[in-house]
S.K.: 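Mind having a look at this structure? Questions to follow.
For ligands, and for the atoms within them, numbers begin at 1 and follow the listed sequence. This structure is a prediction, so every number in the text was calculated from the model and none was measured.
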Amino acid sequence: MFGTKTHLTAHDDHLFIDDVDSVDLAKEFGTPLYVTSEARVRQNIRAYHSAFPDADKYFAVKANGNLTVLCILAQEGTGADVFSTGELNLAGLAGIPKDKVLFNGNSKSEQDHRTALEAGVRISVDSREELESLSSVASELGTWAEVMFRINPDVSVKTHPKIATGLKTSKFGIPAEQVADTYQTAMDMPSIEPVGLHCHIGSQILDISPFAEAVARMMDVAQEVLSSGGEVKRIDIGGGLGIQYAPDTPAPKPADLAQGILPIFRDRCQDMGIRPKLILEPGRSIVADTTIMLTSVNVVKRAHVNFAAVDAGFNVLARPMLYDSYHHVVAANKAEQPAKEKYTVVGPICETGDILAKDRLLPKLERGDIMAFFDTGAYGFSMASQYNGQPRPAEVLVSGDKAELTRRAEDHSALLQGQSIPARLML
Ligand SMILES: *Cc1c(COP(=O)(O)O)cnc(C)c1O
């Protein structure tokens with residue numbers, strides 16, 4: 001019914017996620033609500049394991065910071081790509097071993113370096129300037145840092161410009177031609193041990209060729225590093241594999257990615273006589289399609305178009321507003337009814353741009369209907385905000401016919417948290 005999304009089915013006119021009726025979930029836990037299929041998370045990470053049996057997979061925690069999801073991924077042998085001290089803590093709590101964590105970031109504070117060194121994780125250094133400050137923090141702590149270097153490979157990708165990260169003009173990484181030199185500098189620093197190269201060219205990439213191009217570029221840089229006496233033990237090619245959000249935009253699978261890049265990686269390693277560990281950092285392609293977001297219809301307004309106003313807006317699901325993203329939507333309580341009318345599904349936020357889905361053919365809608373947005377497991381809850389006085393929603397994990405709360409919804413007191421009024425202003 002829903003293409004390759006075998007965890008989603010329609011029967012008795014309702015949408016099911018695994019063996020659980022999504023309409024029951026909306027009743028039991030309230031809306032808005034994020035619902036994740038445990039089986040689908042495992043299936044997706046296993047697809048990576050079988051396509052890349054020798055590579056480490058570092059899940060990009062920014063895509064989904066739910067601790068339960070991270071625990072499941074840890075059980076499946078996944079590492080973590082973290083971009084902040086907060087994400088590092090999540091990975092640690094989920095039981096991801098420190099040997100499989102890479103601390104990334106283009107703007108790390110001294111405190112970030114200290115926390116990463118104390119946690120004993122590898123650090124991806126994004127600039128020469130960062131190298132200097134990391135080196136002094138490490139010597140101060142009487143320790144040393146294993147570092148990777150983030151390369152700006154100058155590879156362009158067809159994706160939303162806000163999420164293309166490997167362009168020459170992007171803020172990320174060290175220009176490829178400066179990397180060997182920076183590596184050399186690092187080798188001479190007593191508190192730094194350079195162990196490899198890192199890149200990440202962007203997100204929601206639906207074409208394999210830019211990955212192949214980036215790997216080739218990485219191998220060129222590895223060659224330069226070797227020639228100047230450096231050792232390359234790790235090659236991390238980042239994440240970015242896209243998923244199929246819309247029925248007419250199919251996406252490559254991990255196996256396709258493997259087919260596109262492993263021959264290049266292997267041949268070039270063989271030529272150079274090195275056997276580095278290959279690392280991938282998938283985020284979206286592991287979690288996006290595992291999750292639906294349920295939201296209730298508050299108002300159906302017949303104006304210049306038909307508006308279905310629901311209780312989730314860009315405060316809950318930011319992607320349509322941020323990137324003009326398409327998310328498939330169905331009426332969860334009318335899942336087998338024929339599509340009759342076009343609706344624009346909008347949220348409760350006081351902004352005209354608060355549109356989740358435009359001009360979608362749906363069954364006739366009314367107040368109280370439950371809408372399900374697909375593919376919301378990546379950059380969904382993790383980007384949710386409290387804008388416009390909206391507490392953040394709950395998250396639920398479904399396993400077979402069981403549903404368990406993994407994050408309770410915030411109540412309105414969350415909006416007051418940490419605030420204080422100077423005494424002189426109190427009446
Ligand atoms: C965001 C990010 C990823 C994950 O990207 P996806 O498109 O979600 O796979 C991986 N590595 C780095 C450094 C990132 O910033």
S.K.: Hey, can you pull the donor-acceptor pairs under 3.5 Å for the side chains in residues 210-226, sequence neighbours left out?
M.R.:
{"from": "Arg217", "atom 1": "NH1", "to": "Pro153", "atom 2": "O", "distance (Å)": "2.4"}
{"from": "Arg217", "atom 1": "NH1", "to": "Asp154", "atom 2": "O", "distance (Å)": "3.4"}
{"from": "Asp220", "atom 1": "OD1", "to": "Arg268", "atom 2": "NH1", "distance (Å)": "3.2"}
{"from": "Asp220", "atom 1": "OD1", "to": "Arg268", "atom 2": "NH2", "distance (Å)": "2.9"}

S.K.: Regarding Thr159 and Tyr323, do their side chains bring together a donor and an acceptor under 3.5 Å, going by distance alone?
M.R.: no

S.K.: Is it possible for you to check whether Arg319 lies under 6.0 Å from the centre of the six-membered ring of Tyr245, through NZ or CZ, and within 45° of that ring's axis?
M.R.: yes

S.K.: Can you name the side chain to side chain contact (heavy atoms under 4.5 Å, CB included) partners of Thr376, sequence neighbours left out?
M.R.: Tyr34, Thr291, Met293, Leu317, His327, Phe373

S.K.: Residues two or more places apart in sequence or in another chain: which of them pass side-chain hydrogen bond (donor to acceptor under 3.5 Å, both in side chains) with Thr85?
M.R.: Asp112

S.K.: Are any protein N/O atoms closer than 3.5 Å to the N/O atoms of ligand 1? If there are, list each pair with names and the distance to one decimal place.
M.R.:
{"from": "ligand 1", "atom 1": "7 (O)", "to": "Ser203", "atom 2": "OG", "distance (Å)": "2.3"}
{"from": "ligand 1", "atom 1": "7 (O)", "to": "Gly240", "atom 2": "N", "distance (Å)": "3.4"}
{"from": "ligand 1", "atom 1": "8 (O)", "to": "Arg284", "atom 2": "N", "distance (Å)": "2.8"}
{"from": "ligand 1", "atom 1": "8 (O)", "to": "Tyr379", "atom 2": "OH", "distance (Å)": "2.6"}
{"from": "ligand 1", "atom 1": "9 (O)", "to": "Gly240", "atom 2": "N", "distance (Å)": "2.8"}
{"from": "ligand 1", "atom 1": "9 (O)", "to": "Gly283", "atom 2": "N", "distance (Å)": "2.9"}
{"from": "ligand 1", "atom 1": "11 (N)", "to": "Asp81", "atom 2": "OD2", "distance (Å)": "3.0"}
{"from": "ligand 1", "atom 1": "11 (N)", "to": "His200", "atom 2": "ND1", "distance (Å)": "3.4"}
{"from": "ligand 1", "atom 1": "11 (N)", "to": "Glu281", "atom 2": "OE1", "distance (Å)": "2.6"}
{"from": "ligand 1", "atom 1": "15 (O)", "to": "Lys62", "atom 2": "NZ", "distance (Å)": "2.8"}

S.K.: Can Asn333 and Asp369 be counted as having a side-chain donor-acceptor contact under 3.5 angstrom?
M.R.: yes

